[in-house]
Amino acid sequence: MGLLGPVIFQNLPGQAVCIAIVDRLCKLNPLMQVLTTPRNFVPGPTPQEKLKVDKDGLDVIHDIYRYAQIGFKAIPEDDFDRFKWYGVYRQRPKDSGYFMLRTKIPGGQLNSAQLAVMGHIANDFGHGFGDITTRQTFQFHWLRIEDFPEVFERLSAVGMTTSGACGDDTRNVVGCPVAGIDKNEIIDATPQLRDVNRHFTDNREFSNLPRKYKISVSGCRIHCAQPDINCVGVFGLERKINGQLEAGFGIKVGGGLSSSPHLAQTLPVFLTPEDVLPMVHYTSVLFRDFGYREKRNRARFKFLVSDMVKAGGVESILAKIEELAGRTFQRHHEFIFPEDPETDHLGVHEQKQPGLWYIGVCFAGGRTRGEQLLKIAELAKKYAQAGLDRITTTNKQNLILLNIPEKNLKSLQAELDANGFSWQPSNFRQGCVSCTGMEFCNLAIAETKNRMMTLVEQLETECAAYKDKIRIHFSGCPSSCGQHQVGDIGFRGGSTRINGVATECFDMFIGGKLGADARFNELVKGKIPATEIHKTVGKLLNYYTANRQPQEPFHAFANRTPKEQIKAALEA
């Protein structure tokens, strides 16, 4: 019968009649026909689908080594696209001969030796810098095709890879940066995150997905790993059994941003730790075999999930996953989501391990220097408990040093200060996120990274009296790699003409929120010249401060206040 027949009607009387109804609907509605026809690797008509059939993306690794010998000009267009399976993109402009490289760091978990390799790659190949991304990885620029064999060898020597960092594959699996050490977490999801990462890395069962596929796995109580906007988001969940709390996991599916943002749907299940990998596996099978491949702009998992929910409710998704898995999962219907998930675990905090602490270091927009990474690696090795030197990256583009004995805290803080590291960041600095922008990205319309760093400095000076939490996100184009839709204030890059001159500008959105009452932000002012952004933000914060209710957070104020009033205040 296919997907929707048994999913919608399997528990109803008169199933034969129901099946006939669904068959009739399929003939009347092409959408229904799409959903009842599994793909099973049948390619769509797009060029991207053809190149994956001609050669699996994972096979391009041999060509990368070959092109390193014969040069940039020998690389055909199709292989440039396949390079993405190993985190390799052409840098702007495309014919420059330079590449961007993304690494793969599951859960953002590193040791000092691995972070030192990041620093050396930045210095030796990347013009001295690297960026922390919103998927807890590092991104380097200015690499040449001749550099990749040595870069890959250095990464492999410390147990790292770039396989699956990009492409129509499973991207870096993100998680809570303080998993296993946070005193308030529901459950340490590190074993499940590592299982999921191992299962999908270099797995040819899933190297030809309809499009990119993003997974988060976390037991964090505040949902810092953003399950709401991942294709698959596994989150910590508690339930009571015979009066006793049991810790396990829930799962959301179908989240994603870009030009058509979708919030993920919560499946009505409780997952034991042993259930996580099977559930993620068969959810991925659903995407692989039934995901849309006909149009590139409809190929994300979020579109399949949305259509299935419209046709048969969220239970239809779970029923199909169970059909594919040949098993059922425990049902659960009571979910309480955090009010304020948008934090980064920065600050100085005591761990669940007695006598140990962690401390966050903030980098505006994720921009780091190679020498900074080497110094952080050195400090982690010097001040962490012996044998437990660990550093994690966060999806807000910062770093956290873990396992610091209390007696070492003051000395570590003094060295951080002496080296110019921000471990007590301003509200503006710790709340900023930025994509790569026009500096290197071929899709971007506006410069973002340096714009973000400049804005932070301006706000720290001009709005120093403002001390409340504020999250500002920059994206250089509608692809929204800076996640501007979920920020308190989100900027999306564009271009306009002022007095006949092409001018970089930004559209400003306000009021985004994840967790409880999740929503995307709304446009409040368009085409703000880039040089005027700090003034506009200042006006907005002044209006909020003067008109909010007691203790009212910015997102609540933005949601309550008519946008026309806010816009009028900004125009005044």
Side-chain angles (χ1 to χ4, degrees), residues 39-41 52 56-59 61 84-87 102-110 135-137 155-156 159-176 179-180 187-219 225-227 230-237 248-255 264 267 269-291 300-301 304-305 317-318 320-329:
R39 298 299 188 273
N40 295 316
F41 293 105
K52 289 185 290 185
D56 191 287
L58 292 178
D59 287 335
I61 188 66
K84 297 174 184 177
W85 269 251
Y86 289 90
R102 288 179 185 153
T103 55
K104 203 168 184 183
I105 307 172
Q109 299 184 11
L110 296 158
R135 293 207 71 76
Q136 297 180 277
T137 69
L155 292 170
S156 179
M160 300 181 71
T161 184
T162 67
S163 176
C166 302
D168 294 357
D169 202 345
T170 52
R171 302 292 176 94
N172 190 56
V173 182
V174 299
C176 175
I187 186 171
D188 178 9
T190 302
Q192 287 69 41
L193 185 148
R194 289 176 176 169
D195 285 346
V196 168
N197 173 71
R198 278 193 296 265
H199 180 68
F200 287 99
T201 299
D202 292 322
N203 187 342
R204 291 175 184 269
E205 283 188 69
F206 298 99
S207 59
N208 180 1
L209 297 174
R211 206 164 179 189
K212 62 184 177 183
Y213 188 56
K214 298 181 177 181
I215 301 172
S216 70
V217 180
S218 173
Q226 301 175 312
N230 275 269
C231 300
V232 174
V234 177
F235 58 90
L237 180 62
F249 298 92
I251 185 170
K252 290 173 175 275
V253 298
L267 298 186
V269 292
F270 179 93
L271 303 175
T272 67
E274 294 74 27
D275 288 334
V276 170
L277 183 56
M279 171 60 82
V280 176
H281 173 91
Y282 286 104
T283 301
S284 308
V285 170
L286 173 63
F287 178 45
R288 181 194 68 194
D289 291 356
F290 293 87
R300 292 290 302 276
F301 189 38
L304 176 63
V305 167
I317 303 169
L318 179 57
K320 185 59 184 179
I321 292 169
E322 291 179 329
E323 177 189 320
L324 293 168
R327 57 161 290 185
T328 60
F329 295 92

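- Here CZ of F235 is found 12.5 Å from CG of N230. Values are rounded to the nearest 0.5 Å.
- No donor-acceptor pair under 3.5 Å is formed between the side chain of R171 and the backbone N or O of K212.
- With sequence neighbours excluded, the residues that form a side chain to side chain donor-acceptor pair (under 3.5 Å) with R102 are Q139.
- Residues passing the side chain to side chain contact (heavy atoms under 4.5 Å, CB included) test with D59 are K55, D56, R204, sequence neighbours excluded.
- A264 approaches P227 most closely through the heavy-atom pair CB-O, 3.6 Å.
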TODO: Just do the side chain to side chain contact (heavy atoms under 4.5 Å, CB included) check on K104 and S163 with the steps written out, would you?
DONE: CA-CA 7 Å; K104 203 168 184 183; S163 176; 5.7 Å; no

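- The main-chain N or O of N172 is found under 3.5 Å from a side-chain atom of R135 such that the two form a donor-acceptor pair.
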- [ ] Verify side chain to side chain contact (heavy atoms under 4.5 Å, CB included) between V234 and Q192, making sure each step is shown before the conclusion.
- [x] CA-CA 10 Å; V234 177; Q192 287 69 41; over 6 Å; no

Open item on the list: Please evaluate residues Q109 and T190 with respect to the criterion side chain to side chain contact (heavy atoms under 4.5 Å, CB included), reporting the C-alpha separation (whole Å), side-chain torsions for both, the decisive distance (0.1 Å), and the verdict.
Closed with: CA-CA 10 Å; Q109 299 184 11; T190 302; 3.7 Å; yes

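- In this structure S218 satisfies the side chain to side chain contact (heavy atoms under 4.5 Å, CB included) test together with C176, C220, A225, sequence neighbours excluded.
- With sequence neighbours left out, the side chain to side chain donor-acceptor pair (under 3.5 Å) criterion links Y86 to no other residue.
- In terms of heavy atoms, V253 sits closest to V305 at O-CG1, 3.9 Å.
- Partners of D188 under the salt bridge (Lys or Arg N to Asp or Glu O under 4.0 Å) rule, at least two apart in sequence or in another chain, do not exist in this structure.
- In this structure, L324 CG and F290 CZ are separated by 6.0 Å, a value rounded to the nearest 0.5 Å.
- Without hydrogens or angle criteria, W85 side chain to D169 main chain gives no donor-acceptor distance under 3.5 Å.
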Task: L110 vs M160, side chain to side chain contact (heavy atoms under 4.5 Å, CB included): CA-CA, chis, key distance, verdict - done: CA-CA 10 Å; L110 296 158; M160 300 181 71; 3.8 Å; yes

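- Across all non-hydrogen atoms, the minimal contact from I321 to T283 is CD1-OG1, 3.3 Å.
- By the 4.5 Å heavy-atom criterion applied to side chains, M279 and L318 are counted as neighbours.
- In this structure, the side chain to side chain donor-acceptor pair (under 3.5 Å) partners of D275, at least two apart in sequence or on a different chain, are T272, R327.
- Of all heavy-atom pairs between G219 and A189, the closest is N-CB, 3.5 Å.
- Heavy-atom minimum distance, L277 versus D195: CD1-O, 4.1 Å.
- Every residue two or more places apart in sequence or in another chain that forms a side chain to side chain donor-acceptor pair (under 3.5 Å) with S284 is listed here: Y213.
- Remark: L193 engages P106, V173, V217 in a side chain to side chain contact (heavy atoms under 4.5 Å, CB included) (not counting sequence neighbours).
- The shortest side-chain heavy-atom distance between H281 and F206 falls under the 4.5 Å cut-off.
- Taking K84 as the reference, D81, Y89, C166 meet the side chain to side chain contact (heavy atoms under 4.5 Å, CB included) condition, with sequence neighbours excluded.
- To the nearest 0.5 angstrom, L271 atom CG is 8.0 Å from L237 atom CG.
- A donor-acceptor contact shorter than 3.5 Å links the side chain of E322 to the backbone of F329.
- Considering only residues two or more places apart in sequence or on other chains, F249 meets the ring pair (Phe, Tyr, Trp, His ring centres under 6.0 Å) condition with none of them.
- Judged as a salt bridge (Lys or Arg N to Asp or Glu O under 4.0 Å), and not counting sequence neighbours, the contacts of D168 are K52, R296.
- The minimum heavy-atom distance between L58 and S207, with the atom names listed, is CD1-CB, 3.6 Å.
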